[in-house]
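Below is one structure, written out as structure tokens; the observations come after it.
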Amino acid sequence: MVSFFRRKKPATSPSERRYSTEELAAAFPDALPAAESATVEAEPAADELTAAAPVASAVAQQTIAAPARVEAAVVEPEANAGTPTPSLEARAAAPVARHVAVVAPAPIPTPGPKPEPVIASAPAPADDLSVSTPASTPASTPSVATSIDKPAALPGKMGWRERLRGTALARSFGGLFHGNPKLDDALLDEIETALIIADVGVTATTDLVEDLRKRMKAREFADANALLKALRADLIALLAPVAVPLRVDPDAKPFVILTVGVNGVGKTTTIGKLARRLKGEGRSLMLAAGDTFRAAAVAQLQSWGERNGVPVIAQGQNADAASVAFDALQAAKARGIQVLIADTAGRLHTQQGLMAELGKIKRVIRKLDDNAPHEVLMVIDGTTGQNALSQLRQFHAAVEVTGLVVTKLDGTAKGGVVFALAREFGIPIRFAGIGERPEDLRVFDAEAFVDALLPESLGA
Ligand SMILES: Nc1nc2c(ncn2[C@@H]2O[C@H](COP(=O)(O)OP(=O)(O)OP(=O)(O)O)[C@@H](O)[C@H]2O)c(=O)[nH]1
């Protein structure tokens, strides 16, 4: 680890690295133009990729204006006004409609011709989850509205590389392996630095680098390219055990997914994307608007549900999140829904009272189903770095997290925290968020992720 303090800079600064059209063509000989490639291997909701149609400017304006309209759509349940909330046991026997506001699904627009791409001048507001397909827009598949100034991710592994190119790890490795470096200790020191700076964590980094050093000394690598291949295999081996996709148990009626995480990590957005994916797989869905702290979060889900034909159970702002989840589960059972996704308010892992509330949500829904929630999905912001580890530790202690979504890996993420999470917890990473568009929620693919961080070969 001492070597971390005595190493030189890569010969080429990662930020200076540019890829020519020829280099890209050579790197991706099989790549099709985005419009032609509608299918992605290992991506169950391949239909989402076609839903990535660029959004027309009119739609963009509608989206930005949406919050006002959405606010009006929040329905306060009449039964709650001035009436004391009955005990959960009493409510278990009572008709669902007394307590909940169910947003009736709107008819699903039929897919039509794609609008011409128009680049919006400004990104969408931070909490803009509402669907960007107003009724007056030429029919196109509704999408969760997010920032609209970025091109859609390209399908398949190429999409990963495109989106993760900006991460610290990808830039460091790009610089390091550019121009056939010598196979020596200095190269290993540089790799060590890159991994530590990218938040892979000291232990994981030391293990990786020392293994490579031993093999180098044993003359296992003919050149730096062989070392790069070995590094790739080691990184994939670290992630492979956690690349376990979410499996919806058809016997769970409904399969309940409880989403948790700290503020602003992308929970509500992820729910929209996930709901879209599950719906695309032909499952019946219901959403529970359990983020009762933030009125906009309730409105986001309601608006999204309305436009996508997905019922949303909501109560007023500041309602008891456990009560919302309970009502939703009761309603989902009554309707024979296959998947219920419950949102929760973002909370800091250090806020003991709020963390305890998560445990309460779990206990309350277990009054209706001993096995619920079937998945406690924690959303982690990939830009958080090592703090993500303490977040997961606390949430896991409170609600026993069963799956992770690491979002914003496309942004200013360093990329390494995914390895640190995998190594320390071994909890399945179900999805990776590599952009703000619906199709950018990808089933986590260890190979695609590692390949997006490493150059394809020396000199690439
Ligand atoms: N670049 C990028 N942005 C993302 C991704 N996922 C979510 N976001 C953005 O993150 C921001 C916050 O998302 P929300 O869904 O509102 O976060 P939240 O966790 O529900 O927030 P709270 O309700 O405050 O806890 C939004 O601007 C999203 O568009 C991703 O994978 N990449």
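Counting starts at 1 for both ligands and their atoms, following the listed order.
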Val265-ligand 1 polar pair, N/O distance under 3.5 Å: yes
Look at ligand 1 and say whether Gly264 reaches it with a heavy atom at a distance under 4.0 Å. yes
Between the candidates Lys408, Arg437, Arg163, which shows the shortest non-hydrogen contact distance to atom 4 (C) of ligand 1? Lys408
Report, in ascending order of atom number, the atoms of ligand 1 lying under 4.0 Å from any heavy atom of Ile434. 31 (O)
Ala345 versus ligand 1: do any nitrogen or oxygen atoms come within less than 3.5 Å of each other? no
For the pair Arg232 and Asp451, find out whether any cationic side-chain nitrogen is under 4.0 Å from an anionic carboxylate oxygen. yes
Of all the heavy-atom pairs spanning Ala345 and Lys267, show the shortest one and how long it is. C-CE, 4.0 Å
Have a look at ligand 1 and work out which part of Asp291, if any, has a heavy atom under 4.0 Å from it: side chain, backbone, both or neither. side chain
Backbone or side chain, does any N or O of Asn263 fall under 3.5 Å from an N or O of ligand 1? no
Check: Asp343/Thr268 side-chain N/O donor and acceptor closer than 3.5 Å: yes
Non-hydrogen atoms of Ala388 and Ile380 that approach each other most closely: CB-CG2, 3.7 Å
Would you say Gly433 has any N or O atom under 3.5 Å from an N or O of ligand 1, going by distance alone? yes
Under 3.5 Å between some N or O of ligand 1 and some N or O of Thr407? no
Given that the side chain starts at C-beta and the backbone is N, CA, C, O, which of these parts of Asp410 lies under 4.0 Å from ligand 1, counting heavy atoms, or is it both or neither? side chain
Shortest non-hydrogen contact between Leu169 and Ala198, atoms and distance: CD1-CB, 3.4 Å
Would you call Asp320 and Lys360 a salt bridge, taking side-chain N to carboxylate O under 4.0 Å as the test? yes
Cationic N near anionic O, under 4.0 Å, Glu439 to Lys273: no
For ligand 1, is Gly435 a contact, meaning one of its heavy atoms is under 4.0 Å away? yes
Just by distance, with hydrogens left out, do Gln315 and Thr292 show a side-chain donor and acceptor under 3.5 Å apart? no
